[in-house]
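So the structure is just underneath, and the comments pick up after that.
Both counts, for ligands and for their atoms, begin at 1 and track the order of listing.
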Amino acid sequence: MKNIVEFLDLGLQPLANNYLKKNQKKIKEKKYRLKILYNKITKLVSIKDTFSSKIMFNNKYPYRSAMSLTMINSFKKLSLEIKKKYKPKKILEIGSNDGSFLKNFHKKTSIGIEPCANIEKITKKKGFDTYPEYWSQKLAKKLSKKYSKVDLIYSANTITHIKDLDEVFKSILLILDENGILIIEDPSLLECVKNNTYDQFYNEHIYVFSLIALEKILSKYGLIIFKIQNLNVHGGSTRYYIKKKNSKIKIEKSVEIQKKNEIKFGINKISTYKSFAKRVTKNKQKLIKIFKDIKSRNKKIIGYGATAKSTTILNYCDIDNRYINYFLDTTKDKQNKLTPGTKIPIKKYHKKLLENIDYVFLGAWNFKKEIFKKEKIYISRGGKFIVHTPEPKII
Ligand code: JHZ
């Protein structure tokens with residue numbers, strides 16, 4: 001395995017979305033060592049130790065896309081573009097979560113796949129055809145028998161969560177029409193390394209894709225990227241538009257531009273990852289110092305947005321409720337629970353809970369714009385935010 005280089009060790013970590021009940025404060029959670037790998041041949045960046053989908057994505061999964069206006073708007077914008085440009089007759093979404101994307105389409109022409117049954121139910125209740133199953137060849141065969149082929153498949157923040165990419169793409173080939181389009185969207189490796197957002201790494205993010213690595217994977221299945229869109233969502237994501245090799249769709253310039261940008265930045269060089277790791281270690285010390293300085297002045301800090309990403313930061317930097325009194329979150333299934341590993345209480349979001357607070361650690365830093373707009377009163381009375389990217393600072 002000389003080609004695989006371990007370039008970053010983010011320490012012992014719990015499962016990122018495993019919120020504990022209040023009476024579990026004393027339990028010793030199972031932890032794993034979060035190490036990040038770079039494959040010199042395939043250029044793929046991945047985490048080392050992985051967990052089965054059944055452990056990570058079950059009927060207690062808390063994450064809901066609809067918790068952010070930014071995501072709702074992003075899905076709406078994409079759906080308008082899809083309807084106008086591609087006019088699909090049948091759409092399939094892999095990882096449809098709470099239906100925030102599908103709701104922009106007609107119920108009769110859309111299918112959702114969501115293995116977390118507690119969330120899948122939400123979309124089903126709205127009248128959509130949804131399946132509480134993991135994406136697989138078996139399921140793709142079953143669906144193509146029932147619906148025949150689909151002409152558009154969309155998947156946001158899901159493909160990178162599935163270890164067996166071979167199974168993912170073989171299943172897609174089984175149901176995607178010859179002239180169909182596959183659109184996938186995930187956090188961008190380029191943005192992650194540029195902005196030192198090491199919290200894009202946690203157990204659910206098995207891979208963080210670059211165009212260069214994804215293109216190589218797709219080529220094994222006769223799939224070709226024909227268009228790229230870079231998005232601000234989730235701290236910088238890339239949306240890849242993909243076609244089958246016999247499809248007549250033209251390859252757009254955006255693909256070449258993205259590749260040039262990645263190569264210019266050195267996404268295909270191990271030295272890039274080694275310097276990234278050095279910056280991450282420095283930023284850890286800087287963040288700890290910020291928290292210690294604030295506490296030494298007896299000021300109160302709370303967290304805003306108990307994200308999966310913040311699980312990585314808090315556990316890596318050993319920031320627990322010696323520093324953060326509580327987190328605020330709008331997600332029902334996270335409220336009145338404790339953050340994984342660091343056991344910080346999570347309270348139901350209410351503006352009032354920001355009164356008398358001096359500092360807010362922004363767990364949901366990826367929604368900074370949306371949150372700053374919402375918290376004008378806190379900001380105008382001098383309230384400060386702590387962020388960790390591109391480097392730890394108070395704003
Ligand atoms: P958010 C999850 O990651 C897990 P997380 C998953 N692995 C993934 O890839 C991404 O989503 C897509 C709250 N919030 O989106 C809601 C407020 O309280 O950054 C959420 O709990 N108030 C599938 O968890 C959290 O913050 C607000 O105003 O890192 C945001 O989580 C807003 C905007 C959000 O994803």
Original post:
Taking distance alone, with no angle check, do Lys309 and ligand 1 share an N/O pair under 3.5 Å?
Top reply: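 N/O-N/O distance below 3.5 Å exists for this pair.
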
**OP:** Output yes when the distance from some N or O of ligand 1 to some N or O of Glu370 is under 3.5 Å, and no in every other case.
**Re:** no

At under 4.0 Å between heavy atoms, is it the side chain or the backbone of [X] that contacts ligand 1, or both, or neither?
| X | value |
| --- | --- |
| Asp329 | both |
| Ile371 | side chain |
| Ala308 | both |
| Tyr61 | side chain |
| Met71 | neither |
| Asn366 | side chain |

Original post:
Between Asp166 and Lys170, is the closest basic N to carboxylate O distance under 4.0 Å?
Top reply: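 A salt bridge links Lys170 with Asp166.
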
Answer yes if the ring centres of [X] and [Y] are under 6.0 angstrom apart, and no otherwise.
| X | Y | result |
| --- | --- | --- |
| Phe128 | Phe105 | no |
| Tyr207 | His161 | no |
| Tyr198 | Tyr316 | yes |
| Tyr154 | Phe101 | yes |

Which of the numbered atoms in ligand 1 are under 4.0 angstrom from any heavy atom belonging to [X]?
| X | answer |
| --- | --- |
| Asn157 | 9 (O), 12 (C) |
| Ala364 | 26 (O) |
| Glu204 | 4 (C), 6 (C), 7 (N), 23 (C) |
| Thr331 | 16 (C), 20 (C), 21 (O) |
| Phe367 | 1 (P), 15 (O), 19 (O), 30 (C), 33 (C) |
| Lys374 | 22 (N), 27 (C), 28 (O) |

Minimum-distance protein heavy atom relative to [atom]:
| atom | value |
| --- | --- |
| atom 26 (O) of ligand 1 | Gly305 CA, 3.4 Å |
| atom 9 (O) of ligand 1 | His205 NE2, 2.8 Å |
| atom 31 (O) of ligand 1 | Thr307 CG2, 3.4 Å |
| atom 17 (C) of ligand 1 | Thr330 OG1, 3.3 Å |

Enter the distance from [X]:[atom1] to [Y]:[atom2] here, rounded to the nearest 0.5 Å.
| X | Y | atom1 | atom2 | answer |
| --- | --- | --- | --- | --- |
| Leu189 | Thr238 | CG | OG1 | 9.0 Å |
| Tyr359 | Lys295 | OH | NZ | 11.0 Å |
| Arg239 | Ile228 | CZ | CD1 | 11.5 Å |
| Cys116 | Asp98 | SG | CG | 11.0 Å |
| Tyr32 | Leu12 | OH | CG | 10.0 Å |

**OP:** For atom 8 (C) of ligand 1, state which one of Tyr63, Tyr304, Tyr202, Phe57 supplies the nearest heavy atom.
**Re:**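 Considering heavy atoms of Tyr63, Tyr304, Tyr202, Phe57, the nearest to atom 8 (C) of ligand 1 sits in Tyr202.
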
Original post:
Nearest to atom 32 (C) of ligand 1 by heavy atom, Met67, Lys348, Lys373: which?
Top reply: Met67

Original post:
Measuring from the heavy atoms of His161, does anything fall under 4.0 Å of ligand 1?
Top reply: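 Within the 4.0 Å threshold, so yes.
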
Original post:
Does any donor atom in the side chain of Gln335 or Tyr349 lie under 3.5 Å from an acceptor atom in the other side chain?
Top reply: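 Note: Gln335 and Tyr349 side chains miss the donor-acceptor criterion.
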
Subject >> Under 3.5 Å: donor-acceptor pair, side chain of Asn97, backbone of Tyr63 >> reply: yes

Subject >> Listed partners of Asp199 passing side-chain hydrogen bond (donor to acceptor under 3.5 Å, both in side chains), at least two apart >> reply: Trp365, His388

